[in-house]
Amino acid sequence: MKPTKTTCPYCGVGCGVLAFPDGTIKGDPDHPANFGRLCSKGTHLGETTGPERRLLAPMVAGNEVSWDRATKLVAERFSDAIRDHGPDSVAFYVSGQLLTEDYYVANKLMKGFIGSANIDTNSRLCMASSVAGHKRAFGSDTVPGCYEDLEQADLVVLVGSNLAWCHPVLFQRLVAAKKKRPNMRVVNIDPRTTATSGLADMQLSIAPDGDTALFNALLVHLADTGRVNQDYVAAHVNGFDDAITAARTPGHSGLTPQEEEAFVRLWAATENVVTVYSQGVNQSDCGTDKVNAILNCHLATGRIGRAGMGPFSATGQPNAMGGREVGGLANMLANHLDLENPEHRTAVQTAWNAPTMAGKPGLKAVDLFQACAEGRIKALWIMSTNPAVSLPEADRVAEAISNVPFTVSSDAILKTDTNDLVDVLLPAAPWGEKSGTVTNSERCISRQRPFLSVQGQARPDWKIIADVAVQMGWGNAFSYTSVDEVFREYAELSKQGASFGRALDISGFANLTSVDYDTLSPTRWPVLATGRRGGRFFGNGGFHHPDGKARMVPVQAPKPVVAPAEFPFVLNTGRIRDQWHTMTRSARSPRLNQHLGEPFVELHPDDARALGLDHADLADITTSTGQATCRVRISVDARPGSIFMPMHWTLQHAKTGRVGPLVRATCDPVSGQPASKGSFAAVTPTRVKWYGFMASLDPIVMQSAYSAVKRTQTGWSAELADTHEQDDWPDLFRSLFEDQAGEVMSLIDDRNGSYRCAVIENGILRSAFFVSTRPVDVARNFVISKIGSESSGYRILAGRRPANERDPGAIVCSCMGVGINTISDAIAAGARDVEALGSCTGAGTNCGSCKPELTSLISEQSEILVAE
Ligand SMILES: Nc1nc2c(c(=O)[nH]1)N[C@H]1C(S)=C(S)[C@@H](COP(=O)(O)OP(=O)(O)OC[C@H]3O[C@@H](n4cnc5c(=O)[nH]c(N)nc54)[C@H](O)[C@@H]3O)O[C@H]1N2
Ligand SMILES: Nc1nc2c(c(=O)[nH]1)N[C@H]1C(S)=C(S)[C@@H](COP(=O)(O)OP(=O)(O)OC[C@H]3O[C@@H](n4cnc5c(=O)[nH]c(N)nc54)[C@H](O)[C@@H]3O)O[C@H]1N2
Ligand code: SF4
Ligand SMILES: [Mo]
């Protein structure tokens, strides 16, 4: 069985994957991002490629149509809008999950042929502040370093980055490097304590948006203690004095003076320092300033572009970087050229032989949907993103989409919160079926190769876009017959960028044959026609401002964040280990759903006590823009006064768990990136009358006010609750299915309001349902495991394993299915490190993504054991 070499479609680490014909997935030992490693998401990719929930044919108003009809309709409606209302009356909203070739074609169509720059991307919610910060400092959006720098550094500082969960393989590389060189230091700067904190020698639980104050304090310390690299600054940097002056204005980091002092001394004293940052920095109304506060410190010390040092922006999506390269943002042009520079515009227009060229920046994501709400956009095409969930003020965004006269979505999945709103659905071929390239966080271009036959009538995104362009009358420019043809054109265009001194030069790929393209091995750019490849940038200057120098940007720390009385909590949002964004892929994997299977709000024990909330209660979270109800998780890891909610849940999996509607659409003034981690919220206990849990062989209908469903290894399960009394349990139970045959066995206990029932058909357990006035206390994994097998029913109604079987508890290791009780027992029996736990329970022995949690369980429990 020969595997296909491809690239993981999840995060920006960009791991190489070996996909075997039988669906087995392994890490590619030859890929320079992961050298064979994979995290839990990559490991379980095989569970996500089936036909379930797929969009398999073009649909117009809910009805299947031919590709020909759909393509013509889209072309016609876009052309009509452009004719009647001008090019700026149409828009594309695209995604860092498109392949580079898809992205290139979409950008070319909008900017060079339609003649508008109204193409923006979900990278606006993700990388825009990094891009803006890079451009302000370097003159171009160039990432100077690479992954090896993290391994070679003596100090790695993580700022607003939960690397252990969000870039797990890069985290594993860091763990391994630190093990090899125990003198390496790691600092984690995050208001919350996270799985990443376990590796840190110093956890700095900073105040929300306290980062600029901290890095300004660092800059002042560097200046005042003679740590500035005078030669580097004199030769390569402008703006030093103004930046220092601004940094001297006092700011509030929320740390103690001792913590600040320890941090700035360590950073100042360590030449080989890498500062890694992601959404805790970018997603803020002062995100670009935070980025520049970090870059200033690296520029002042010349700690950039050499082995083991530099600022490093970890990109989120698999092709966030590729999208930036081809100009996917509304204020950029292809190949790192500037939309606002007339010479750049002319160069690209000439190369494309395009009839026109957008002359001014287009609408950025939040403004774009505002324009939709105001009726200024007449035709909108959404590709590979789910804005009705992921944009701030998501309810308003949903309304805005409905308000556009003609809307299209290209997606691989039939039902999403966004797809439910649009006129035309176009079936895109997803990972495993499509072909092209992606660029990861360290500028490494890798191939995604198909290893499955295309399902239904799905087509690659570049082809879908090109067909519409041809239909709109631009046959000459869009008559591509293969994906490598698109790639060659993009590589050729990079000669233009290079002629203006841009770092992004892949002209060495301009003459690749189809065979070369098929066999292309992962390559870090630049790829010059002269043969030079890879490397780092800016070690010896060579910045992209006209004078070749970098700029230190004067940035002032914002005022401390103070929540208003009516919304007293800071609402922080982000990711969990085993789900990906709006869950259209990851929630297809029963194994991934085992980890954290329900939307939740995490809050500090002191806050929970003051609110009268207990673990597993439900709480209502309210902000000025929306409301949600979700499960309460109480944790000392939370920052008092802040709450954390995952961004993942949608209407497809939970009725009330979406965080998007709660997030205010306040944006960074420079980058236009929304502050997704800084809304204000009120929390109140939900007045629940009953709680329910069910597991079933058949899909569950979300009936009760609170419903969260997930796919399990035996079917589906759901957490339910309602604020209304229920007097007819059997009636409620029946309403949870469209149709379920079998004999119902039930137990009612009127004294405590509990009801339990099970459905058996031909001796097989089809479903089990548990209701109680308090959060339901049954062994969920046990019940789930019995669905679909032979059962008498009564054991199930007990909701417990037999007395001689210990319940493994909530699953921590999703690969090996090891639960928290099993792990605790092993720790109690003497397992004191991750390896020992692995050899007695199996936990952490496959992909290793749960190791940070195992480490913290060991340290928590050892403390208790010692105390006892
Ligand atoms: N499992 C998983 N991995 C993913 C993804 C996923 O959906 N699931 N998505 C991918 C994508 S697209 C992205 S962009 C990346 C994101 O990767 P990360 O940026 O690591 O992820 P987040 O959880 O959004 O946020 C990181 C941390 O920022 C902290 N934070 C909040 N406010 C502040 C602040 O003011 N200052 C500081 N210093 N920190 C703050 C939060 O507490 C949080 O722990 O992950 C990628 N990887
Ligand atoms: N509150 C809050 N909101 C956030 C964030 C946060 O931290 N907090 N993070 C933000 C960030 S960093 C990001 S990156 C965004 C992500 O948010 P989104 O981009 O909205 O989320 P996804 O679920 O990744 O959406 C991808 C869509 O593309 C579809 N798809 C999959 N493969 C293909 C394909 O090959 N072709 C096509 N055409 N479609 C495909 C999927 O089914 C899915 O519907 O969310 C942002 N929103
Ligand atoms: S770290 Fe995990 S999710 Fe990210 S690319 Fe690698 S395997 Fe995929
Ligand atoms: Mo992202």
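Nothing fancy with the numbering, it's 1 onward along the sequence. Both ligands and their constituent atoms are indexed starting at 1 by order of listing. As the structure is a prediction and not an experimental result, all values here were calculated from the model.
Of all protein heavy atoms, the one closest to atom 34 (C) of ligand 1 is G280 O, 3.4 Å. Nearest protein neighbour of atom 9 (N) of ligand 1, counting heavy atoms only, is R575 NE, 2.8 Å. When only non-hydrogen protein atoms are considered, atom 6 (C) of ligand 2 lies nearest to Q283 NE2, 3.5 Å. For atom 2 (C) of ligand 1, the closest non-hydrogen atom on the protein side is Q579 O, 3.5 Å. From the protein, the heavy atom lying nearest to atom 32 (N) of ligand 1 is K677 CD, 3.8 Å. For atom 11 (C) of ligand 1, the nearest non-hydrogen atom of the protein is G316 CA, 3.2 Å. Scanning the protein heavy atoms around atom 12 (S) of ligand 1, the nearest turns out to be H581 NE2, 2.9 Å. Given atom 23 (O) of ligand 2, the protein heavy atom at minimum distance is T582 OG1, 2.5 Å. With respect to atom 8 (N) of ligand 2, the closest heavy atom belonging to the protein is T573 OG1, 2.8 Å. With respect to atom 26 (C) of ligand 1, the closest heavy atom belonging to the protein is G160 O, 3.4 Å. Of all protein heavy atoms, the one closest to atom 43 (C) of ligand 2 is T584 OG1, 3.4 Å. Summary of contacts: the protein heavy atom closest to atom 29 (C) of ligand 1 is D190 OD2, 3.2 Å. Ranking protein heavy atoms by distance to atom 40 (C) of ligand 2, first place goes to S384 OG, 3.3 Å.
The proximity of K290 to ligand 1, defined as any non-hydrogen pair under 4.0 Å, is limited to the side chain. Using a 4.0 Å cut-off between heavy atoms, R577 contacts ligand 1 through its backbone alone, with no side-chain atom that close.
Using a cutoff of 4.0 Å between basic side-chain nitrogens and carboxylate oxygens, K290 and D211 are scored as salt-bridged. With respect to R658 and D395, a salt bridge is recorded, a charged nitrogen being found less than 4.0 Å from a carboxylate O. Looking at D190 and R639, no side-chain N of the basic residue comes within less than 4.0 Å of a carboxylate O on the acidic one, giving no salt bridge. The pair R591-E47 meets the salt-bridge criterion, since a charged nitrogen lies less than 4.0 angstrom from a carboxylate oxygen. We find that D420 and K415 are joined by a salt bridge, their nearest charged nitrogen and carboxylate oxygen being less than 4.0 Å apart. Ion pairing between D141 and R324 holds under the 4.0 Å rule for side-chain N and carboxylate O. E598 and K710 are not joined by a salt bridge, as no carboxylate oxygen comes within less than 4.0 angstrom of a charged side-chain nitrogen. At a threshold of 4.0 Å, the pair D209-K677 does not count as salt-bridged, since none of the basic side-chain nitrogens sits closer than that to a carboxylate oxygen.
The distance from ligand 2 to the heavy atoms of I413 drops below 4.0 Å at these ligand atoms: 42 (O). Contact atoms of ligand 2 toward A428: 36 (N), 37 (C), 38 (N) (distance under 4.0 Å to a heavy atom of the residue). For ligand 2, the atoms closer than 4.0 angstrom to any heavy atom of C126 are 12 (S), 14 (S). Residue contact check: V663 has heavy atoms under 4.0 Å from atoms 1 (N) of ligand 2. Residue-ligand proximity, S676 to ligand 2, at heavy-atom distances under 4.0 Å covers atoms 2 (C), 8 (N). Close approach of ligand 2 to Q97 (heavy-atom distance below 4.0 Å) involves ligand atoms 19 (O), 22 (P), 24 (O), 26 (C). Applying the 4.0 Å criterion to heavy atoms of Q317 picks out, from ligand 2, the atoms 14 (S).
The residue among W165, Y10, W580 with a heavy atom at the shortest distance from atom 10 (C) of ligand 1 is W580. The option from S390, C11, S197, C166 that lies nearest to atom 17 (O) of ligand 1, judged by heavy atoms, is C166. Evaluated by nearest non-hydrogen atom to atom 36 (N) of ligand 1, the leading choice among T315, T212, D637, D211 is D211. Of the options D209, D578, N122, N162, the smallest heavy-atom separation from atom 35 (O) of ligand 1 is shown by D209. Taking all heavy atoms of N188, I206, L163, I576 into account, the minimum distance to atom 1 (N) of ligand 1 is reached by I576. Considering D411, T416, N386 only, the shortest heavy-atom separation from atom 44 (O) of ligand 2 involves D411.
Using a non-hydrogen distance threshold of 4.0 Å, V659 registers as a contact of ligand 2. Under the 4.0 angstrom criterion for non-hydrogen atoms, M127 is not in contact with ligand 1. At least one heavy atom of A429 sits closer than 4.0 Å to an atom of ligand 2. Judged by the shortest distance from any of its heavy atoms, P430 lies inside the 4.0 Å radius around the atoms of ligand 2.
At most 12 non-hydrogen atoms from other residues, nucleotides or ligands lie less than 6.0 angstrom from CZ of R396.
Residues C850 and S40 fail the side-chain proximity criterion, which asks for heavy atoms closer than 4.5 Å. Side-chain contact check for Y93 versus F369: some heavy-atom pair is nearer than 4.5 Å. Under the 4.5 Å side-chain criterion, counting only non-hydrogen atoms from C-beta, Q652 is in contact with D417.
When each of L391, V389, V366 is tested with V397 by the rule side chain to side chain contact (heavy atoms under 4.5 Å, CB included), just one qualifies, namely L391. Of the candidates T315, N282, T288, S130 forms a side-chain hydrogen bond (donor to acceptor under 3.5 Å, both in side chains) with just one, namely N282.
Aromatic pair F644/F569: centroids not less than 6.0 angstrom apart. The ring of Y10 has its center no closer than 6.0 angstrom to the ring center of W431.
Looking at ligand 1, you won't find any N or O of T194 less than 3.5 Å from one of its N or O atoms. The distance criterion of under 3.5 Å between nitrogen or oxygen atoms is met by I189 with respect to ligand 1.
Taking the ring axis of Y147 as reference, the NZ or CZ atom of R173 does not stay both within 45° of it and closer than 6.0 Å to the ring centre.
With hydrogens and angles left out, the side-chain atoms of Q673 and S129 include a donor and acceptor closer than 3.5 Å.
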